[in-house]
Protein chains: 2
Amino acid sequence: MPEPRRITSADVARRAGVSRATVSYVLNATPGQSISTATRDRVLQAAAGLGYAPSAAARTLRTGRSDVVLCLLPDWPIGNEVGNLLGNLSTALAREGLTFVAHPGSRADRPIAEIWKAITPAAVLSFTDFSDDETEAMRAAGVALVVALLGRAGRHGRELEVPQQLVGTRQAEHLLATGHARLGYAYPDDPRLQIFAEPRLAGVRTALAAVSGRSSSGASAAGPRVETVPLDVAQAAVAVERWRAAGVTGVCAYNDEVALAVLAGARALSVTGLAVIGVDDIPAARLAVPPLTTVTTDQRTLAAHLATTIVAAVSGRPTPVLRTADLIRVVARESA
Amino acid sequence: MPEPRRITSADVARRAGVSRATVSYVLNATPGQSISTATRDRVLQAAAGLGYAPSAAARTLRTGRSDVVLCLLPDWPIGNEVGNLLGNLSTALAREGLTFVAHPGSRADRPIAEIWKAITPAAVLSFTDFSDDETEAMRAAGVALVVALLGRAGRHGRELEVPQQLVGTRQAEHLLATGHARLGYAYPDDPRLQIFAEPRLAGVRTALAAVSGRSSSGASAAGPRVETVPLDVAQAAVAVERWRAAGVTGVCAYNDEVALAVLAGARALSVTGLAVIGVDDIPAARLAVPPLTTVTTDQRTLAAHLATTIVAAVSGRPTPVLRTADLIRVVARESA
DNA sequence: CTGTTAGCGCGTTCAT
DNA sequence: ATGAACGCGCTAACAG
C-alpha cells in the first residue's frame, strides 16, 4: 500500500479545473471576491468528493493564528463541576468556530511556555495568574489573548472573574436566613485549593459584615470561625468540637466534600443540630445523611459567558458583562 | 507600541552570524552534522537571549507531524478519577516530549474530524471506538495513530484495553470471600456509562462462574441480580427491596456514587447487613455511613502504561504488555 | 570537518 | 478568476 498522501487544496483545484486561489476563496467564502455560482459549486463538489481537509498547520503558519483555545488546568483535583464547565465551554466555543482543548498536569512537568508553543492557540485560558514575563512572552509569540480566571482583575490583558465570592455570600445568607447567627467556615485541607477557598471565605465575611452592620448591636462584627477540615472523620470531628465550643451553629463548607466531612465528624460526635451547607451539588450530596444543602452555579450560563468573552477578546471587541443575579442558587435539603 | 513581531530562526541566525540551517542543526542537535562548539554556543546564546521559540505550525507543516497527543473525552460526566488519569498521562507523556491535550464535549457539537484537523496530532486517544471511515480518514490525513480505549481489541490499528473486567472481578471476589454467595449488581442509570458498565458486570459474572464451577453443587450457577440504580434514595430503595426478596446479601456497584445510592436506599428501608462495594474511592466514600468499601485502580501505573503504548506506537515500536497483577486493589472499609 | 544554498510543505492574499 | 509570493522551519545537496 502506497503512502497515503494528504489531500491538499491543489488536488481540489485540479479536480475542479480552477486555481488554488479560487479554491481558497470559495472555501473561505472570502468577502469581496466575486465567484460564479457554477465554479463555486464545482469547487465545493470536488472538495467534498475528495474529502478535503485544509491543513491546520499551513493555515496557522500563514495567518499566524489558529482556531484553538487552550485551557491550562491547575494541578488540583478536577471535580465533576469543572469537567462540566469545560464541556459546556467547549460546546459554546464550537458554535463560534473555535476548538477547545485542555492541558492537564502541573507546570512542574514542563515550563508553561512549551505548552502553548506546541499548540499556537488563539487564546489561553488559565485559572491562576501568569507572571509578567510569561504574559509578555505570549504576546511576543503571537498568542492573541491571555485570560486568567480568578486572577486579580486588571493586571494583565483581559481577565475573567468567576464569581467565587458570591458562592460564599449565598451560603452565609442562607444560614443567616434560617436563624444561624454564629457561623463557622470549613476550609479545605489541600493548599492548592486556596485560590478558590480565599474568595469564597471572603464572600462569607462580606455577608456577615452586612448583617452586623445592619443590626443595632453592631458589636458582634465577628467573622466566621475558620477551621481546616481534612477529608477524614476523626479530624473533622475535632473541628466540629471547636465550633461547638465557640457557639457556632451553622457551617459554610468550601465544597460538598468538605461538607460531607463535617457531617461525618458531627455524626461521630453524635452532635445534632449543626447546620452545614456545601458547594457544587455533587451526586453524593443528595445521598448523604442527612441530605446535604448546597449551592450550585449555573455552569451553562457561566460557560456561555466565558465563551463570549473569549470570542470578544479574540476578535478585539469589548468584554461583555456577566449578570450574576441568577447564576448561583441554593439547593435546600435537610442539612441546613 | 509596534506590532510585536514573532522571533524566528532567521533572527537567531542573524544575531549569531550564521545561516538558518546552522541554527536548525544546533537547536535540534541533528545527528550526522558536525558543528564546532564555538558556533554551537553562539547559536544557543542568541536563541536564549532572544527568547526564541520555534513555530509549532511551521514545524508541523514541514515534518507533517506534531508532538501533540489528542484525547477525545466522552460526553459522560468525567469524575475525579478520570481527571487524575489524564493528569498522570500528561506527566508521563511530557517526559517523552509529547504534549497532551484533551478535548471535552460530545461529538454532536462538531464532527469528530474537525477536532483533529484543527490540531494535527501525532496520536489520538479515544474512549469509544471509531468507525472504519473515521479511522481511514485519520490515516489519510496523516495522523500517526488511533488508539481506542475500551475498544474491542484488534479492530483498528492499536488498541489499549483498560482492564475494566478486572474491576468487577475483584469486587465479586471480595464479596464472595467475605461469605456472600448471592450477589446483586447495581447498574448505573445513565446509558452513556454502559460502555464501562458492561465489562465491569462481565467481570462480576466471571468471578461468580469461577466459584460455581468449583463448588460441587454446580447448580447455583446464577449470575448477579442486576438492578438499575438511579442516584436517588427512593428509587435506590426499590432496588434494595428486590435484592432482599431475591436473597441477595452483597452488592457490587458500578461505582462509588451508585454504591452510595444503594447505601442510602438500604438506610431508608432500615435494611442492615447488606454488603456494598463500590469503585473509584472518591473522597465521599470514606465519609459515607457506613464508610464505603471500594476498589481502586493504580492510576499512576496505568497512565505510565498508556504513555508507553502511545510512544511506542508513534515511533513504530511494538506495544508493551500491561502487567495487571497489582493494578486493582480493594480498599476494605465497613460497608463490605 | 564546517557551514551554506535552495527548495519544500500548504493555505492565504495581493496585484494583474 | 489567476500567478506568484509569503509565513517558518527542515533537510538534501553542495562548497570551502
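No experiment lies behind these values; they were computed from the predicted model shown. Every chain is numbered from 1 and lettered A, B, ... according to where its sequence line falls, protein lines coming before strand lines.
For the salt bridge (Lys or Arg N to Asp or Glu O under 4.0 Å) test, residues two or more places apart in sequence or in another chain that qualify with B:Arg192 are B:Asp190. With sequence neighbours left out, A:Arg14 forms a side chain to side chain contact (heavy atoms under 4.5 Å, CB included) with A:Ala10, A:Asp11.
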Short heteroatom pairs, N/O only, protein and nucleotides 5-7 of chain D, under 3.5 Å:
| from | atom 1 | to | atom 2 | distance (Å) |
| --- | --- | --- | --- | --- |
| D:dC6 | O2 | A:Arg62 | NH1 | 2.5 |

What are the atom names and distances for every N/O pair under 3.5 Å that joins the protein to nucleotides 12-16 of chain D?
| from | atom 1 | to | atom 2 | distance (Å) |
| --- | --- | --- | --- | --- |
| D:dA12 | N6 | B:Tyr25 | OH | 2.9 |

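The bend of the helix from C:dC1-D:dG16 to C:dT16-D:dA1, defined by the angle between the axes of its first five and last five pairs, stands at 50° to the nearest 10°.
The environment of CZ in B:Arg300 is sparse: at most 12 heavy-atom neighbours from other residues, nucleotides or ligands sit within 6.0 Å. Environment of CZ in A:Arg15: crowded, with over 12 heavy atoms of neighbouring residues, nucleotides or ligands closer than 6.0 Å.
Phosphate contact (OP1/OP2 of D:dC8, side-chain N/O of B:Ser55, threshold under 4.0 Å): absent. B:Thr63 has no side-chain polar atom (N or O) that falls below the 4.0 Å cut-off from OP1 or OP2 of D:dG9.
Put simply, CH2 on A:Trp116 and OG on A:Ser126 are 13.5 Å apart, with the number rounded to the nearest 0.5 Å.
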When you look at A:Val26 and A:Leu44, which way does the side chain to side chain contact (heavy atoms under 4.5 Å, CB included) test go after all the steps? CA-CA 8 Å; A:Val26 170; A:Leu44 260 22; 3.5 Å; yes

Set out, in order, the CA-CA distance, both residues' side-chain angles and the distance that settles side chain to side chain contact (heavy atoms under 4.5 Å, CB included) for B:Phe100 and B:Leu86, then state yes or no. CA-CA 9 Å; B:Phe100 180 85; B:Leu86 297 183; 3.9 Å; yes

Hey, mind stepping through A:Leu302 and A:Leu85 against side chain to side chain contact (heavy atoms under 4.5 Å, CB included) and telling me if it holds? CA-CA 8 Å; A:Leu302 184 54; A:Leu85 179 63; 4.2 Å; yes

Going through the distances and angles, do A:Thr8 and A:Ser55 end up as a side chain to side chain contact (heavy atoms under 4.5 Å, CB included)? CA-CA 8 Å; A:Thr8 79; A:Ser55 151; over 6 Å; no

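Of all the heavy atoms in B:Ala122 and B:Ser66, the pair that sits closest is CB-O, 3.1 Å. The heavy-atom pair separating B:Pro121 from B:Leu70 by the smallest distance is CB-CB, 3.9 Å. Between A:Ala57 and B:Thr120 the shortest heavy-atom distance is N-OG1, 4.2 Å.
With DNA chain C read from its 5' end, the first of the two nearest nucleotides for A:Tyr52 and B:Thr39 is the one closest to B:Thr39.
Heavy atoms of A:Thr30 sit nowhere under 4.0 angstrom from any nucleic acid atom. Counting non-hydrogen atoms under 4.0 angstrom, B:Val23 reaches nothing in the nucleic acid. Within 4.0 Å of B:Ser9, counting heavy atoms only, lie sugar-phosphate atoms of the nucleic acid but no base atom. Residue A:Thr60 is out of contact with every strand shown, counting any heavy-atom pair closer than 4.0 Å.
On the nucleic acid side, DNA chain C has its first and last nucleotide under 4.0 Å of a heavy atom of chain A at C:dC10 to C:dC14, going 5' to 3'.
A heavy-atom distance below 4.5 Å is found between the side chains of A:Asn28 and A:Arg59.
Separating the CZ atom of A:Arg14 from the P atom of D:dG3 is a distance of 13 Å, rounded to the nearest angstrom.
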